[in-house]
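Beneath this line is the structure, given in structure tokens, with notes to follow.
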Protein chains: 2
Amino acid sequence: MVTMSDVAKAAGVSRATASYALRGDPRIVPQTAAKVREAARALHYTANLSARSLRSGRNGVIGLAIFELDRAYPSEMGAAISREANRHGLQTIVQETSNSKEGEIAILQKVTSQLCDGMIFSPGNVNDEELRQLSGGKPMVLLDDISPDPVFDTVNTPCEAGSQAAIDHLIEIGCKNILAVGAHYESLTEDLQSTSVSARRLYGCLKSFDEHDIEVEPENFLHVLWNPEEARDLAHRVAKSGRRYDGVFCMTDTIAMGFIRGLADCGISVPKDMAVVGFDGINETEYFIPSITTVSTDLSDLASKAVNLLLRRIEEDGEISEPQRLTADFKLVKRSSTERSDLRITL
Amino acid sequence: MVTMSDVAKAAGVSRATASYALRGDPRIVPQTAAKVREAARALHYTANLSARSLRSGRNGVIGLAIFELDRAYPSEMGAAISREANRHGLQTIVQETSNSKEGEIAILQKVTSQLCDGMIFSPGNVNDEELRQLSGGKPMVLLDDISPDPVFDTVNTPCEAGSQAAIDHLIEIGCKNILAVGAHYESLTEDLQSTSVSARRLYGCLKSFDEHDIEVEPENFLHVLWNPEEARDLAHRVAKSGRRYDGVFCMTDTIAMGFIRGLADCGISVPKDMAVVGFDGINETEYFIPSITTVSTDLSDLASKAVNLLLRRIEEDGEISEPQRLTADFKLVKRSSTERSDLRITL
DNA sequence: TTGAAAGCGGTACCAC
DNA sequence: GTGGTACCGCTTTCAA
């Protein structure tokens, strides 16, 4: 392994000078700097990040912790963040928490807070106070944090506005009896700011119903775990229940896909018999049959907001500003799953 | 930040003793060890990985580099490896190479080889010689490496046997005119061991045709980039070509999904008009409509083989054994996309 | 403008 | 069995 001493020796300067030169410190005269750079290149020198990190606390790497690597939304988000960080000259390391408290603690405490300049984190099972401890003082940006009293910068997904747009769309295309899948009607009791993602999406639904003067009952909302298996089962139960819905808003695309699959199992066709809207905008929605109308979270925007917040914290020296809370953009992408043939005929 | 000196002081021992005690060195007497552990717990001490790594070259973290985070197969593989590593008490950090040479170099040179005890890597644009340089001497296991003369341990996906099983299945259900999508017929000229994944999958197809005494022509094979967009376009062209296939083997599930989508665009129904088999076994194949028959690579097996090979290298001291080449298990998962109604009637 | 040297937080050798 | 201490590779004061 070639070290900076090797480079310094080859260039005929001291280690200190080599260090300054390689990092472009203006104190070093151009000739010396060029000599050092040349030596580094010739020797294929690469700085040792552990050493740099140990000494200066910085190494140009940021950490991202997501629930699960193998689910579409978090992994697409990870890709977006990774690419955005690259644009700023940073490397991103991704880890999965497996949505368990031990996982989150292990990652933050053992890895991310030690090996990275800062981290972006989807908290699931640790609260802000624990996070503060686990962060080891390193900058952190949270994704969809639900603390009433935020300690860290946060970027939220556009839950309220997005869900509202979804229901608006179903109403627009003529749906008269809409079902929202993903949250209990009862979950909406708490303070909205500090509440869960599902409750915030539910809130958006209610807002839309309200603005359209549509009365809803608890039966218009069904809770389900956010995975396709459960959604599929739920669709079976809905199909057998006899209750007739003509439009469904699923709080995630994965739910939507499972739900549509479940409807298909029971001979109910989307969009002919029922229109379906998803949320997230994962790539698969375009290739699913039918392609799925979805509230597409703008992941580039989310990534850019998160990385910029993090960089601000990493670069700020001492003076700590108020934690910020931003929301990512979205757009409603209309596809087959809400194309109503009856509507098309009237056009 | 609480350091080992703090722990040592609190426990009334030296730093050296504290270090030994915390790592369970048998030389330390149980009482002393307990004292140290208690102090560490009370102070919420966590070892600094950069420091440990700098000194000992080990920190319990392995690196995984995959092409793209936001594609199903690599991310499911990443999840499997991450979980397998956890089982061995290791943390995994995942990075995406974006399938570019610069990406691969940056990751290996700047991050993985420095911050990790070893790495698992899908090479795409760097050859073995470059890899050896970039690895910095750290242990590395490759995934689907195609070097004629392997330098590193490798775990391959079951290309030949899997593709053969796929074609076998299509033949079994009565397909008479089969199309394989994903590789040129011409790509099969080179030495099989050192050839690309697509060529190896192609070879499996040919083996099956051969064993069933089925004559094939170049028209039975169509090349396409391995993404759903291209596959969808290709399906459009196939549909319009007039050539009648009754069974299609797509070399990845993503191709299969895009292809089925494209067929649907043209009014061709799967499996009624055409049976389709995919490869990889990604989760979505189960929820796609129709659900997709696929050659499912056993990712737990792949992960276990890769992690075990890596651990062996990390733990081996000096004595270097021959590079090993293993192949992951698979199973053919039969689903709707190859359910032939005509066959079902005759049963 | 450059160099000497201290030190980041651990590990591991060697002496006691 | 435990402690002193050199050292991993780099950054960063401080002096020259």
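Numbered from 1 within each chain, the chains take letters A, B, ... in sequence-line order.
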Pairwise side-chain contact, A:Thr46 with B:Gln114, heavy-atom cut-off 4.5 Å (strictly under): yes
Phosphate-side-chain proximity, A:Thr17 and C:dT2, N/O vs OP1/OP2 below 4.0 Å: no
Sugar-phosphate, base or nothing in reach of B:Ser53, heavy atoms under 4.0 Å: nothing
Any donor-acceptor N/O pair, A:Asp70 side chain to B:Ala79 backbone, under 3.5 Å: no
Heavy-atom side-chain contact between B:Met77 and B:Thr297 under 4.5 Å: no
Between C1' of C:dC13 and CG of B:Asp25, the distance in whole Å: 13 Å
Spacing between B:Asp117 atom CG and C:dT11 atom P, to the nearest angstrom: 13 Å
Separation of C:dG9 P from B:Asp6 CG (nearest whole Å): 9 Å
Close side-chain approach of B:His44 and A:Gln109, heavy atoms under 4.5 Å: no
5'-most by nearest nucleotide on DNA chain D - A:Arg55 or B:Val29: B:Val29
Rounded distance (Å) that lies between atom P of C:dG7 and atom CG of B:Asn48: 18 Å
Cationic N near anionic O, under 4.0 Å, A:Asp280 to A:Arg71: no
Ion pair check, A:Lys305 and A:Asp329, cut-off under 4.0 Å: yes
Spacing between B:Arg58 atom CZ and C:dA12 atom P, to the nearest angstrom: 9 Å
Sidechain-backbone polar pair: B:Thr154 side chain, B:Arg325 backbone, donor-acceptor under 3.5 Å: no
Phosphate contact (C:dG10 OP1 or OP2) by B:Arg23 side-chain N/O below 4.0 Å: no
Span of DNA chain D, from the first to the last nucleotide whose atoms fall under 4.0 Å of chain A heavy atoms: D:dG9 to D:dT13
Closest to side chain of B:Arg52, choosing from C:dT11, C:dA6, C:dT2: C:dT11
Spacing of B:Leu22 atom CG relative to C:dG10 atom P, expressed in whole Å: 10 Å
Global bending angle along the helix from C:dT1-D:dA16 to C:dC16-D:dG1, which compares the axes of five pairs at either end, to 10 degrees: 40°
Electrostatic pair A:Lys101-A:Glu104, nearest N-O below 4.0 angstrom: no
Integer-rounded Å distance: C:dG3 C1' and A:Lys35 NZ: 13 Å
salt_bridge(B:Lys35, B:Glu38) N-O dist < 4.0 Å: no
Along DNA chain D (nearest heavy atom to each residue), the more 5'-positioned of B:Tyr20 and B:Ala51: B:Tyr20
Integer-rounded Å distance: C:dT11 C1' and B:Met4 CE: 7 Å
No-hydrogen, no-angle side-chain donor-acceptor test under 3.5 Å, A:Ser19 and A:Arg23: yes
Base of C:dG9 paired with side chain of B:Arg15 (donor-acceptor, under 3.5 Å): no
DNA chain C: 5'-proximal contact among B:Ser19 and A:Ser56 (nearest heavy atom): A:Ser56
